[in-house]
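Right, one structure below, let's go through it.
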Amino acid sequence: MGRLSRCCEALVLRYTDYGEADRILSLLTAEYGLHKGFARSARKSRKRFGAAIDPFTIAVFHWQEGRGELWMLQSAELVDAHFGLRRDIKRLALASYGVELAELLLREGEPQPQVYTLMRSFLAGLGRDGDLQTARLLLELRLIFLLGYMPHLLHCSACDKSFDQESVAFDIMRGGSLCPDCRRADDERYSLATMGSLARTLKVPYDHFDGFRYSPKTCREARGIFDQILRMILPREPKSLKFLDRL
């Protein structure tokens, strides 16, 4: 009995060339989560794959199960190549960081419908004229939230007390925001307004990227908060981050 052929829509996160003509793709899907796919003769067969196997591309892939968890990709039909984000090196750099961040945070084989929708919307937004700093902030915040790593923002993580002061301490190793009675002298301090902005953002549908505008102070403080969180939950620093930060 032959192997069952299946198909699903997927986002190409990255690829690795294998041998003279083959390619191994890292794919993100809603139904199957993160998966690797083997595309035989992909670099020669324009008819079966074409531009559908380039990074940041959305395509419908036809595949069969291979050895282990590796899919044997048979063909692909292009859905969206995200040409808009490819016109600018800064947008490409942020796209590279975004897909690498998602791949580092996800476990292979677990369904990820919300993260898939988030990544589609993130890349589509980069193809428009949205603010790049805001897009990065929104992506990081929503990935942290959807994957269950969101710390306390508006209540003390140690005693659950509500805040009535203008600034709060933050220590991800102690669960997030801290009140004056629970904080340490060397804890980083952030404005309560920034914490409120981040909390309000989480109430907006996570696939919305247009129309957001944060103050420079909120962007700066959010960067400090997210850097703490990502250092704790990532297995390593994303390789694309140094290039992105240089830009």
Side-chain angles (χ1 to χ4, degrees), residues 10-18 23-30 32-37 53-58 69 81-82 84-110 112 114-127 130-151 170-173 176 188 198 201-202 206-207 209 212 214 218-247:
L11 163 64
V12 181
L13 302 179
R14 62 182 176 88
Y15 67 78
T16 302
D17 287 336
Y18 184 84
R23 184 167 283 179
I24 298 174
L25 307 183
S26 181
L27 303 171
L28 176 62
T29 75
Y32 305 98
L34 190 66
H35 260 280
K36 295 290 194 304
I53 55 175
D54 291 335
F56 321 129
T57 294
I58 302 286
E69 299 297 325
H82 291 123
L85 68 84
R86 302 174 192 273
R87 71 180 187 272
D88 180 82
I89 186 63
K90 292 182 180 180
R91 294 181 184 276
L92 272 176
L94 182 53
S96 297
Y97 168 71
V99 298
E100 185 180 5
L101 186 64
E103 187 173 10
L104 287 173
L105 288 172
L106 297 177
R107 294 181 180 178
E108 193 162 345
E110 295 184 357
Q112 296 290 349
Q114 293 177 311
V115 174
Y116 182 72
T117 299
L118 170 63
M119 295 306 300
R120 282 203 60 160
S121 300
F122 167 68
L123 293 174
L126 288 184
D131 177 69
L132 298 186
Q133 188 176 24
T134 299
R136 176 178 172 180
L137 186 157
L138 290 172
L139 177 68
E140 292 173 338
L141 174 67
R142 289 161 170 172
L143 277 175
I144 289 167
F145 176 75
L146 290 175
L147 296 177
Y149 296 112
M150 201 66 211
F170 187 89
D171 182 358
I172 189 57
M173 301 306 295
E188 296 288 340
L198 298 180
T201 297
L202 292 174
Y206 55 82
D207 58 345
F209 278 82
F212 284 89
Y214 296 103
T218 295
C219 290
R220 183 177 65 254
E221 292 192 335
R223 175 82 281 114
I225 293 167
F226 295 165
D227 284 350
Q228 277 197 50
I229 300 170
L230 292 173
R231 280 197 301 268
M232 183 185 73
I233 65 177
L234 286 172
R236 62 168 174 80
E237 181 181 277
K239 295 178 180 178
S240 55
L241 184 57
K242 291 183 178 177
F243 180 65
L244 177 64
D245 286 343
R246 283 202 302 270
L247 295 175

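The structure displayed is predicted, hence computed values, not measured ones.
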Exercise. If you measure only the distance, is there a donor-acceptor pair under 3.5 Å linking the side chains of Glu140 and Tyr97?
Worked result: yes

For this session: Validate the cation-pi geometry between Arg142 and Tyr206: distance from NZ or CZ to the six-membered ring centre under 6.0 Å, angle to the ring axis within 45°.
Result: no

Exercise. Would Leu28 and Glu103 count as a side-chain contact (heavy atoms from CB on, under 4.5 Å) if you check the C-alpha gap in whole Å, the side-chain angles of each, and the deciding distance to 0.1 Å?
Worked result: CA-CA 8 Å; Leu28 176 62; Glu103 187 173 10; over 6 Å; no

For this session: Step by step, work out the side-chain contact (heavy atoms from CB on, under 4.5 Å) result for Asp227 and Arg231.
Result: CA-CA 6 Å; Asp227 284 350; Arg231 280 197 301 268; 3.7 Å; yes

Exercise. If you draw the axis of the six-membered ring of Phe56, does the NZ or CZ of Arg86 fall within 45° of it and under 6.0 Å from the ring centre?
Worked result: no

Exercise. Quick one: ring-ring contact (aromatic ring centres under 6.0 Å, His included) partners of Tyr32, sequence neighbours excluded?
Worked result: Trp63, Trp71

Problem set entry | Lys36 side, atom NZ; Leu13 side, atom CG - distance, nearest 0.5 Å | 8.5 Å

Exercise. Does the pair Val115 and Leu143 meet the rule for a side-chain contact (heavy atoms from CB on, under 4.5 Å), with working shown?
Worked result: CA-CA 7 Å; Val115 174; Leu143 277 175; 3.9 Å; yes

Exercise. If only atom types and distance count, is the side chain of Thr57 paired as donor or acceptor with the main-chain N or O of Ile53 below 3.5 Å?
Worked result: no

Seminar exercise, completed: Between Glu108 and His35, the two heavy atoms sitting closest are OE2-CA, 3.9 Å

Problem set entry | Note, Leu101 side chain near Leu230 side chain (heavy atom, < 4.5 Å) | yes

For this session: Please examine the side chains of Pro238 and Leu104, heavy atoms only from C-beta on, and report whether any two atoms are closer than 4.5 Å.
Result: yes

Exercise. Is Arg91 reaching over with its side chain to a backbone N or O of Leu123, donor-acceptor style, under 3.5 angstrom?
Worked result: no

Problem set entry | Test item: Glu100 side-chain N/O and Lys239 main-chain N/O as donor-acceptor pair under 3.5 Å | yes

Seminar exercise, completed: Between Cys219 and Leu137 the two heavy atoms that sit nearest each other are CA-CD1, 4.1 Å

Exercise. So do the side chains of Leu147 and Gln112 get within less than 4.5 Å of each other, counting heavy atoms only?
Worked result: yes

For this session: Answer yes or no: is there a side-chain heavy-atom contact under 4.5 Å between Leu92 and Phe243?
Result: no

For this session: Find the distance between NE2 (His82) and CG (Leu11) and round it off to the nearest 0.5 Å.
Result: 7.5 Å

Seminar exercise, completed: Here the pair of heavy atoms bringing Gly98 nearest to Met119 is O-CE, 3.6 Å

Problem set entry | From Gln133 atom CD to Leu138 atom CG, the distance as rounded to the nearest 0.5 Å | 11.0 Å

For this session: Work out which heavy atom in Leu247 is nearest to a heavy atom in Ile89; give both atom names and the distance.
Result: CD1-O, 4.0 Å

